[in-house]
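One structure is given here, and the rest of the page talks about it.
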Amino acid sequence: MGNYSKAFAVGFGIVGVGYALMLTTKLSPELKKQYHEVKADQARRQAFSDVLREAANNPEPMWIKKKAPVPEPVSKQ
């Protein structure tokens, strides 16, 4: 039982020190801008790969667009 408590104490200590360092250190505005640009680029690439994956799973050619069903007009009576 003593080994488990020591392991949890060390683990919580490591996590606590990491969290304290994260709170005390701040990213410069340049690094924040660069980080957000990289994240936006990754999101754009992921969206593109999702479209390609969906097109690969669809048996119809990609350039043939399906027409969206036209909703029935609601009559007011």
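- Interatomic distance, CD of Gln46 versus CG of Asp41, reported as 12.0 Å (0.5 Å rounding).
- Evaluation of the side chain to side chain donor-acceptor pair (under 3.5 Å) rule for Glu37 yields no partner, not counting sequence neighbours.
- Using a 4.5 Å heavy-atom threshold, the side chains of Tyr19 and Met22 count as touching.
- Applying the salt bridge (charged side-chain N to carboxylate O under 4.0 Å, His left out) test to residues at least two apart or on different chains, none of the pairs has a partner in residues 9-35.
- To the nearest 0.5 Å, the span separating CD on Glu54 from OG on Ser49 amounts to 11.5 Å.
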